[in-house]
Amino acid sequence: MQAGAVLTLTRPDDWHLHLRDGAVLRSVVRDSARQFARAIIMPNLKPPVVSTADALAYRGRILAALRENGVPEDTFEPLMTLYLTDRTPPDEIRRAKDSGLVHGVKLYPAGATTHSDAGVTDLLGHCRSTLAVMQDCGMPLLVHGEVTDPKVDLFDREAVFIDRVMRPLRSAFPALKVVFEHLTTADGVAYVRQADGPIAATITAHHLLYNRNALFKGGLRPHWYCLPVLKREHHRQALVEAATSGDARFFLGTDSAPHPRGAKEQDCGCAGCYTASHAMALYATAFEAAGRLDRLEAFASLNGPAFYGLKPNAGTLTLERVQEQIPLALPLAESQVVPLAAGESIAWRIRASGQA
Ligand code: NCD
Ligand code: ZN
């Protein structure tokens with residue numbers, strides 16, 4: 001595409017976002033609200049968001065942070081989630097559903113990722129009655145799809161999860177809505193494509209743009225480290241193919257996960273890439289490289305709402321093809337966050353974003 005070209009889409013949504021809380025929340029929320037009309041807000045706070053009351057209180061803090069950032073009302077809607085534990089009562093699911101403000105329940109296998117220690121130790125052993133209510137009332141289960149068995153190689157944890165957890169789960173609860181979050185492998189793509197029933201998957205911009213070489217380019221690169229970790233090139237290609245295929249089961253979820261610089265640049269650095277600031281530019285870059293910019297709108301703005309039973313947004317987002325440098329760092333509370341691909345040049349930027 002020519003420099004200066006513009007691309008206008010139905011305003012997109014982010015179906016997997018970490019906003020955190022407090023001063024960090026206030027630092028990052030505007031980045032998402034500039035581009036996205038809605039986002040699924042992940043519940044892995046410390047302590048986690050385990051009840052409807054917690055989710056509604058957290059929603060209030062997000063709305064307050066938007067106001068403090070001068071974001072007009074109705075520009076950005078946080079879609080709340082609960083953090084599934086071994087003891088989430090079935091009644092909590094009904095309360096969540098009745099609130100009309102909780103749109104999913106997140107499964108973190110205990111120990112799989114950042115703030116997952118309160119997660120589930122044995123899904124079908126402990127959560128059957130809760131899953132049954134979710135299936136009945138149409139509450140989606142949002143799945144971090146990695147086993148935590150230390151005997152399984154880190155790069156194989158998604159593929160092994162499909163056989164050990166996803167297949168048994170879906171044969172026990174075939175009508176449960178499931179989102180396979182941040183899909184990273186060709187195995188995951190193949191599974192979602194052929195599976196029967198209500199399953200979909202989110203794909204991040206970083207897994208579309210980079211393979212695992214990015215983690216080691218010229219030295220150890222903590223800002224490319226996330227979970228599930230970047231994989232081999234053939235997996236990246238399978239993800240690009242899925243995202244740009246037009247298959248409505250695949251949609252946008254940034255998994256943007258801010259960590260203060262010092263928490264990543266240390267001997268045991270945290271997992272999570274910060275992509276919210278340039279999310280749509282990164283996705284446009286990936287779709288353009290595949291020659292499929294025409295499919296970006298379905299992936300970013302239409303497939304997600306269809307799966308969640310919501311309407312597409314009324315407004316639009318316009319991107320323009322202008323080279324811009326991704327900043328080396330952005331303010332994050334008292335610290336800084338290093339965005340993904342900091343210092344690199346990117347070919348797209350946001351021109352306008354608005355309500356209908
Ligand atoms: C996320 C975080 O930091 O909260 N980290 C990440 O690497 N993606 C948690 C998660 O989604 O796994
Ligand atoms: Zn995440």
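All values reported here derive from a predicted model rather than from experimental measurement. Ligands are counted one by one from 1 in listed order, and the atoms in each one are counted from 1 as well.
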Undergrad: Compute the shortest N/O to N/O distance between Y225 and ligand 1 and return yes if it is under 3.5 Å, no if not.
TA: no

Undergrad: Run down the list R20, H206, H18, H115 and name the one with the heavy atom closest to atom 3 (O) of ligand 1.
TA: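 Selected option, by shortest heavy-atom distance: R20.
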
Undergrad: Does E181 approach ligand 1 within less than 4.0 angstrom via side chain, backbone, both or neither, non-hydrogen atoms only?
TA: neither

Undergrad: Kindly compute the distance separating OG1 (T88) from NE2 (H126), expressed to the nearest 0.5 Å.
TA: 11.5 Å

Undergrad: Any N/O of N44 closer than 3.5 Å to an N/O of ligand 1?
TA: yes

Undergrad: Taking the side chain as every heavy atom from C-beta outward, state whether H207 and C226 have any pair of such atoms under 4.5 Å apart.
TA: yes

Undergrad: Does a donor on one side chain sit under 3.5 Å from an acceptor on the other, for E233 and Q237?
TA: yes

Undergrad: To the nearest 0.5 angstrom, please state how far the CZ atom of F76 sits from the CG atom of N69.
TA: 11.5 Å

Undergrad: Looking at ligand 1, is there an atom of it that comes within less than 4.0 Å of some heavy atom belonging to H182?
TA: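 Yes; H182 lies near enough to ligand 1 that a heavy-atom distance drops under 4.0 Å.
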
Undergrad: Closer than 4.0 Å to some heavy atom of G272 - which atoms of ligand 1 meet that?
TA: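 Once the distances to G272 are compared, the set is 5 (N), 6 (C), 7 (O).
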
Undergrad: Quick one: which ligand 1 atoms are inside 4.0 Å of a heavy atom on H259?
TA: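 Reading through ligand 1 atom by atom, the close ones are 3 (O).
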
Undergrad: Nearest protein heavy atom to atom 12 (O) of ligand 1, by residue and atom, and its distance?
TA: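 In this structure, atom 12 (O) of ligand 1 has T113 OG1, 2.7 Å as its nearest protein heavy atom.
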
Undergrad: Out of all atoms in ligand 1, which are within 4.0 Å of some heavy atom of H16? Include the element for each.
TA: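 Selected atoms, number and element: 11 (O).
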
Undergrad: Which pair of heavy atoms, one from P48 and one from D54, lies closest together, and at what distance?
TA: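 Reported closest heavy-atom pair: O-OD2, 3.8 Å.
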
Undergrad: Let me know which of H103, E181, K177 forms a side-chain contact (heavy atoms from CB on, under 4.5 Å) with L142.
TA: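 The single option meeting the side-chain contact (heavy atoms from CB on, under 4.5 Å) with L142 is E181.
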
Undergrad: Angle class for the F299/Y283 ring planes (parallel below 30°, perpendicular above 60°, tilted otherwise)?
TA: tilted

Undergrad: Determine, step by step, whether R157 and E146 satisfy the salt bridge (Lys or Arg N to Asp or Glu O under 4.0 Å) criterion, reporting the C-alpha distance in whole Å, the side-chain angles of both residues, the deciding distance to 0.1 Å, and the verdict.
TA: CA-CA 5 Å; R157 288 183 183 179; E146 289 191 289; over 6 Å; no

Undergrad: Check this for me - ligand 1, A257, N or O atoms closer than 3.5 angstrom, yes or no?
TA: no

Undergrad: Can you find an N/O atom of Y108 closer than 3.5 Å to an N/O atom of ligand 1?
TA: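 By distance alone, the answer is no.
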
Undergrad: For ligand 1, is there an atom lying under 4.0 Å from some heavy atom of H144?
TA: yes

Undergrad: Only N/O/S atoms count here: what is the atom of D255 closest to the Zn ion (ligand 2) called?
TA: OD1

Undergrad: Measuring from the heavy atoms of E146, does anything fall under 4.0 Å of ligand 1?
TA: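 Checking ligand 1 against E146, which is what was asked, there is no heavy-atom contact under 4.0 Å.
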
Undergrad: Could you tell me the residue and atom name of the protein heavy atom closest to atom 7 (O) of ligand 1, and the distance to it rounded to 0.1 Å?
TA: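 Minimum-distance protein heavy atom for atom 7 (O) of ligand 1 reads L227 N, 2.7 Å.
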
Undergrad: Measuring to the Zn ion (ligand 2), does H18 have an N/O/S atom at a distance below 2.8 Å?
TA: yes

Undergrad: Less than 3.5 Å between some nitrogen or oxygen of C226 and one of ligand 1, yes or no?
TA: no

Undergrad: State whether the shortest distance between N or O atoms of C273 and N or O atoms of ligand 1 falls below 3.5 angstrom.
TA: no

Undergrad: Between K231 and T184, does any side-chain donor sit less than 3.5 Å from a side-chain acceptor?
TA: yes

Undergrad: Scan side-chain atoms only and decide if E92 and S51 contain a donor-acceptor pair under the 3.5 Å cut-off.
TA: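 E92 vs S51: no donor-acceptor pair found between side chains.
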
Undergrad: Check the angle between the aromatic planes of Y210 and W224 and answer parallel, tilted or perpendicular using the 30° and 60° thresholds.
TA: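 Y210 and W224: perpendicular rings.
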
Undergrad: Over 60° means perpendicular and under 30° means parallel, so classify the ring planes of H182 and H144, tilted if in between.
TA: perpendicular

Undergrad: Using a 4.0 Å heavy-atom cut-off, say whether K264 meets ligand 1 through its side chain, its backbone, both or neither.
TA: neither

Undergrad: So, is H16 placed with an N/O/S atom under 2.8 Å from the Zn ion (ligand 2), counting both backbone and side chain?
TA: yes

Undergrad: Check the pair D117 / K46 against salt bridge (Lys or Arg N to Asp or Glu O under 4.0 Å), numbers first and verdict last.
TA: CA-CA 10 Å; D117 24 302; K46 268 214 132 60; 3.2 Å; yes

Undergrad: Which protein non-hydrogen atom lies closest to atom 5 (N) of ligand 1, naming both residue and atom, and how far is it?
TA: A271 O, 3.1 Å

Undergrad: Could you identify the single nearest non-hydrogen protein atom to atom 8 (N) of ligand 1 and state the distance to 0.1 Å?
TA: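 Protein heavy atom with the smallest distance to atom 8 (N) of ligand 1: D255 OD2, 2.7 Å.
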
